[in-house]
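Below: the structure, in structure tokens.
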Amino acid sequence: MEKGIAHVSYSKCMACGICVGTCPFGCLVLNKTGIDSLNKAYPELKPNHGCTGCSLCARACPVDCITIHP
Amino acid sequence: MKGYTGKILLVDLSKGEIKEELIPDHVYENVLSGVGLGAYILYNRIPAGADPLGPDNILGFVSGLLTGTPSFVTGRWMVICKSPLTGGWGDSNCGGTFSPAIKQCGYDGIFFSGISSEPVYLYVDNKGAQLRPADDLWGMDAIAAEEKLIAENTKNKKPAVAVIGTSAEKLSLISGICNDGGRIAARSGGGAVMGAKKLKAVVLVGSKPIGCVDPKAMKEISSGLAKKMRNVNMPTFVKGGVLSLLGKIMGGMKQTAPLDGMLIGLLMKRWGTISNNTMGITSGDSPIKNWAGSVKDYPFSSYKKVNPERVLEYEERKYHCYSCIIGCGGVVDISKASKGEFTHTHKPEYETCLAFGGLVLNKDLDTIFYVNEILNRAGMDSISAGGTVAFAIECYQNGIITKDMLDGLELSWGNPESIVALIRKMIAREGIGDLLADGTKAASAKLGVKSKPYAVHAGGQEPGMHDSRMDPLVGIHYSADPTPGRHTIGSGQYYDMLHLWEQVSWAPNPGFYTKADEYIASEKVALKTVAMSCYKELTDGSGGCLFAMVMGISHWRLFDWLNAATGWKKSADELMEIGKNIQSLRQLFNIKHGIDPMSFKMSPRMAGEPPLKDGPNKGKTVPIEEMMHLHWKAFGWDEKTGVPGKPLVNRLKKAQIITAEVK
């Protein structure tokens with residue numbers, strides 16, 4: 001497993017929120033707007049998130065839009 | 001892991017005991033998880049004739065088989081119980097974030113029996129479960145109680161909370177169970193069952209991973225859907241006003257053909273369910289004036305006030321449930337509408353907009369916003385509440401409810417102040433509100449036989465806001481389903497968009513057809529409703545959402561996801577048999593509890609008896625009794641009585657789904 005933290009690729013992300021519900025530490029939040037014309041909220045790491053890079057979110061993502069890297 | 005955890009949690013509230021139980025694979029292979037798992041537990045364990053509000057009733061919170069897997073729009077959870085509203089099988093489902101939380105605690109479902117002596121709530125995390133006192137929460141509205149529980153129980157991860165409001169505490173038979181700030185599993189009266197058990201809430205903070213057999217295959221299916229959904233966007237120059245025109249065209253069409261279900265995705269992404277606010281009125285889909293009126297009673301000058309574009313003016317942000325890529329929800333600003341009492345409410349659904357709009361001839365959008373929020377907080381079903389207000393108005397207009405019963409309220413059609421005041425009384429069970437808080441059937445029984453024509457329901461449950469005189473197939477589902485009055489089970493319009501015939505050998509392909517044919521009881525129509533029911537039960541066993549389901553089997557690929565998650569290699573026909581198992585088990589539950597299926601036949605008005613004199617549904621009648629018989633026959637149930645036949649019962653026994661004695 002690569003060391004690092006979760007990074008979201010917004011060109012692939014569908015804002016479904018599965019990653020937010022999966023993270024065992026509550027690091028992600030649906031808060032990032034300005035991505036699409038409907039202004040939906042997309043996932044991002046919270047400030048002081050404490051992401052361990054466990055990759056559970058990446059494995060759960062249906063479209064593989066999360067990668068773990070520094 | 002095959003998508004399911006294979007484990008449930010059993011909580012005996014009378015004894016304060018909590019234990020786990022393993023569920024064998026064959027249960028999931030025959031009835032899936034979700035509503036199917038629930039039917040398996042409740043059918044075998046609730047004694048015949050149990051009081052729905054007594055200790056023998058079992059209240060279940062179940063997740064879907066696909067919830068938490070890399071699939072889209074599969075995050076709904078279900079409440080199941082013996083319904084105090086209908087006396088038979090009860091279920092209701094809701095989105096938000098509660099469904100994955102059940103599985104992240106390690107369970108496919110949590111089942112409550114008994115009655116607690118004091119108010120309690122259940123807390124579950126990775127370490128285990130415990131019952132905690134809830135005296136300080138009792139009497140709080142659902143949103144306030146949820147906020148308090150989240151504040152008290154958040155360490156890292158925000159808890160998921162299912163909670164009742166005051167309406168359920170007061171055992172209103174039209175109360176539901178809330179989550180995620182006032183979203184509600186509203187139907188079947190599950191809230192009253194929870195209130196009777198003195199269970200205020202369930203708080204879940206698990207973080208166990210949810211696995212499936214072939215995540216790669218699941219992601220390939222999901223990526224295909226994602227690609228399509230990304231490209232489905234209504235052009236911004238198209239405004240909501242065009243929808244009433246579209247409705248008018250649809251309502252006037254004599255012939256039709258199956259549409260691509262992605263149209264639903266298009267409408268839902270832009271407006272949500274309110275896309276039907278005006279389209280439904282002009283097409284004849286929306287029942288007006290307690291099902292006795294038409295667009296003539298609620299004309300353009302009225303329905304333009306609930307135009308979806310007007311609602312969107314107040315939408316501050318979009319909202320979507322866990323795993324959803326449609327995002328039909330929204331949060332609207334109601335500080336003006338509530339005169340400062342509240343800041344926001346969930347964007348009212350079409351059902352609420354119509355139940356407190358055209359059904360009662362109200363054209364004041366602020367009232368709809370406000371009523372939406374107070375009902376969500378109280379945890380009362382807005383469909384049943386709106387239907388009951390319409391019933392009360394008509395009773396008053398006909399001298400059955402008199403002025404001295406109303407504490408000064410003037411119950412005229414379209415009177416916003418009276419509507420709000422009456423809802424407040426129903427929530428508080430004050431005065432006439434106490435009589436109305438259990439829905440139309442119970443109120444009519446107290447008011448006498450003269451009120452019966454105005455009590456619009458099926459088997460005690462107020463119907464959804466979709467007119468069976470416009471779509472007779474929805475009438476069959478309203479009447480012949482084990483949970484009557486439910487618009488979410490099926491309709492002709494839904495069926496056409498599913499395109500099941502592309503994969504299911506026996507599902508009829510409607511092709512280009514004459515609408516008038518649907519008003520004639522026929523085996524083809526019956527078979528369509530059976531296919532629809534089976535597929536809906538599969539959806540409810542999977543945690544799927546109706547709006548994704550109606551996008552169609554080639555877009556929202558339920559069959560393929562189920563096989564990829566479980567490792568099964570079942571054909572579409574074999575999977576549909578699972579749907580048939582679930583539906584038959586729900587019907588057998590009703591038979592066990594003494595329900596005569598024909599007693600669920602919808603009110604005469606809903607079948608066009610007498611026929612309407614105006615509007616798109618003018619002169620239309622539905623031969624509902626004949627249609628119910630044919631629906632049962634096509635299911636393999638007794639054509640006359642609606643009792644599932646011996647071959648089906650034996651199949652369920654052989655599969656060890658039925659373990660209790662069948663009489």
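Naming convention: chains lettered A, B, ... in sequence-line order (proteins, then strands); numbering from 1 in each chain.
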With a 4.5 angstrom heavy-atom cut-off, could you sort out which part of B:I210 is near chain A: side chain, backbone, both or neither? neither
Between A:C27 and chain B, which part of the residue has a heavy atom less than 4.5 Å away: side chain, backbone, both or neither? neither
Given heavy-atom pairs under 4.5 angstrom as the criterion, report whether the side chain, backbone, both or neither of A:L56 touches chain B. side chain
At what distance, to the nearest 0.5 angstrom, does SG of A:C16 lie from CD1 of B:I326? 12.0 Å
Where on B:C321 is there a heavy atom nearer than 4.5 Å to chain A: the side chain, the backbone, both, or neither? backbone
Heavy-atom pairs under 4.5 Å with chain A, option from B:A226, B:G211, B:G327, B:P100 with the top count: B:A226
Find the one option among A:C19, A:G26, A:C65, A:P62 whose heavy-atom pairs under 4.5 Å with chain B are most numerous. A:P62
Pick from B:A160, B:C324, B:P215 with the largest number of heavy-atom pairs that fall under 4.5 Å of chain A: B:C324
Mind listing the donor-acceptor pairs under 3.5 Å that bridge chain B and chain A?
| from | atom 1 | to | atom 2 | distance (Å) |
| --- | --- | --- | --- | --- |
| B:Q104 | NE2 | A:G21 | O | 2.7 |
| B:K157 | NZ | A:G21 | O | 2.9 |
| B:K219 | NZ | A:A58 | O | 3.4 |
| B:K219 | NZ | A:R59 | O | 2.9 |
| B:K219 | NZ | A:C61 | O | 3.1 |
| B:K219 | NZ | A:D64 | OD1 | 2.7 |
| B:R230 | NH1 | A:S11 | O | 3.2 |
| B:R230 | NH2 | A:K12 | O | 2.7 |
| B:H320 | NE2 | A:A15 | O | 2.5 |
| B:S323 | N | A:C16 | O | 2.7 |

In terms of heavy-atom proximity below 4.5 Å to chain A, should B:P209 be classed as side chain, backbone, both, or neither? side chain
